[in-house]
Amino acid sequence: MLCVQSDQDSGIQQDSEGANQITPISKDDSALATKVCMETLTATCCSSLDTIKMQVYFDMNYTSRREFLKEINWMLESKLNQVSREIIDSRMKTRDQMEVLYRKIITFILLGSGMGSPSDVTSVQETTAVLQSIFPSTELGSFMVLLRRDKEQQLSELTMTVTGIRLFNKASKKEQEMNFSELMPAVLGEALMVTSEAIQNELSVTKTLAWKYTALLEKYHGSQPEKYVSLAQLTQALYNVRQCEHFLQILLADSRLSAKRIDILQKDISSQIFLLKSSVQPKTAVPTSKVFPLFKALSKLWSELQDEAELLNILNNIALRLQFFHTSHAKIFSKHPLDSLLDGVEVKTDKERLNEHSGERIDPAQLKQHEWLYLETTDNLTKLPLQYDGFCGYTLVNKDGLLLPGNPYIGVLKHKERLYVFNSKEAAMKFANRPDYFIALVAEKANSSPELIKLLKLHQTPSCVQAGKTLLVSKSENGTQTDVHALVTNIVKSYKWNEWELRRSAIKLADLRTTVTHSTQTHLSHMRRENTTQTWLPKEVACQCKRDGETGVPRPQIFLAGLRGRRDGRMEKINLTRSIHE
């Protein structure tokens, strides 16, 4: 909740020279401020507090359509990451482990396709049958030797192909024209039935309450209504329903855009299935290179359809949650019905109020000092950002915070590059005579009712909020320092000076483990390279061989035995000379 203070209550005094001096706040003042804040934040029946809570809730939970779809895809990826990691990091050694891995792949496909749950027996059987036809369990060996990124890519392709085949099989079971409602995801069927209609009904109820509160505030302007309700409570209730109306209009526009996108996707899916039927049925065998891309395209359309279904559910949940933030004013009128206060009061719709002053028109000649824009001379004037979100600022100031939508047919005032609309010609002329004065009064009104800052989009134009010179949050002495030596932005962070790091990168790029070395020599490359090699020269070895000559006769050899070691002294003579005829 935004707490604001005036200059008189914030401890600021002016000396004789006119300079502001900050005086310390006493403990009693601090305790009193804390008590007031606690009572306000813990109030059980306060429309102003509920409006601020609603604004905070919507800002924290609503984002653009692109961000919603990105978040949905991120949630799906985070759900699949764990199963994908188990599949990629698994190591098969036995037959049982191979079966477990194959079941994990089936679970991954079911989670990624959204066509059934891993606990549904029928869905598991259908997925297993389709997967066996395109990726039998015998292919797990070749799957496990792939790189990590290749495994992830193959898992994604298997999911898309199996999903497309299952969708085609379900569509082919019927001979007549396919009823697409039977193929839609369960979450999409529920979302289409309740989202747009529920938001539209809630918006109608909110608009009706806004018209009733507006009529009551016009009736009791300048007077006091019955005792059990005050003008402040009626004004806070009006702000509450107007803020809820604005949020519901945003949700309704997004849901209608999503519904249109769903219609387009349904037609595209029907066309894709018809194309598959015409390509597959007349032939007995169709090349996978021709039919698999069609299955993947069908699966992609199916995935986009599921994203739109999830987006519708998110929008519906936000719309349902907004109902809890505008029930305080219902408690106020629980004992005393609102219709009893409306006796004799004409409740006008916003369209009827615009028609009342549609004939009025600002004459530029009367207010030459300002620039006026008209629907006839300005393209898309109603789509331009209007100040105060299209409400009349003059009426807000002069009728105790009453919000009335401005009428662009009267004329749009352009002041300091901002556009202002008014509910009547009189309000436009009075505002144009003193625009800065009324802008300051609107800012003062936002100080007393902080929910107006978001409702009137004053937070987008800070100068408007500070025009009243009473909005003070905090003051402090701040300083900035400019860097003398700014960081150079043209530094190449990928540069590596280490030679061994470059060699390591080259080895990774070469991927030598899975590369076969081969070479080819052509006439152009022949003898174009100078090569030098070092070899060991043969050693010089010499040997002596027998030579044949005239004196090559056996040499006489006589062995004398018994010369040593014999006591009798007998010696024997043995002739060992070889025969000449040998």
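Heads up: numbering here begins at 1 and tracks the sequence. Bear in mind the structure is a predicted one, so any value in this text is a computation, not a measurement.
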Before giving the answer on side-chain hydrogen bond (donor to acceptor under 3.5 Å, both in side chains), spell out for Q200 and R256 the whole-Å C-alpha distance, their side-chain angles and the decisive distance to 0.1 Å.
CA-CA 10 Å; Q200 181 64 49; R256 287 178 176 174; 2.8 Å; yes

Hey, are E152 and R85 close enough for a salt bridge, meaning a charged N less than 4.0 Å from a carboxylate O?
no

Check the side chains of [Y] and [X] for a donor-acceptor pair under 3.5 angstrom, ignoring hydrogens and angles.
X    : Y    : value
E245 : T206 : no
T127 : R166 : yes
E451 : S48  : yes

Please give me the minimum heavy-atom distance between [X] and [Y], naming the atom from each residue.
X    : Y    : value
E304 : L265 : OE1-CD2, 3.3 Å
E308 : S258 : OE1-OG, 2.7 Å
G164 : S299 : N-CB, 4.1 Å

Is [X] reaching over with its side chain to a backbone N or O of [Y], donor-acceptor style, under 3.5 angstrom?
X    : Y    : value
S133 : V130 : yes
K457 : Q387 : no
S78  : W74  : yes
Q55  : D50  : no
S449 : A446 : no
N316 : L312 : no
S142 : E139 : yes
S255 : L252 : yes
K170 : I165 : no

Note, [X] side chain near [Y] side chain (heavy atom, < 4.5 Å):
X    : Y    : value
L301 : Q266 : no
D307 : L311 : no
D59  : K454 : yes
L251 : L203 : no
I134 : F292 : yes
M144 : S90  : yes
S113 : V162 : no
N317 : R321 : no

Identify the residue among F325, Y62, F247, F324 that makes a ring-ring contact (aromatic ring centres under 6.0 Å, His included) with Y57.
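Result for ring-ring contact (aromatic ring centres under 6.0 Å, His included) with Y57: F325.
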
Would you please classify the geometry between the Y420 ring and the H415 ring as parallel, tilted or perpendicular, with 30° and 60° separating the classes?
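Taking Y420 first and then H415, their aromatic rings sit tilted (interplane angle of 30° to 60°).
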
Relative to the ring of Y102, is the ring of F135 parallel (under 30°), tilted (30 to 60°) or perpendicular (over 60°)?
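It falls in the parallel class, under 30°.
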
Listed by chain and number, what are the side-chain contact (heavy atoms from CB on, under 4.5 Å) partners of E77, not counting sequence neighbours?
none

Greater than 12 external heavy atoms within 6.0 Å of K300's NZ
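Open: at most 12 neighbouring heavy atoms sit under 6.0 Å from NZ of K300.
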
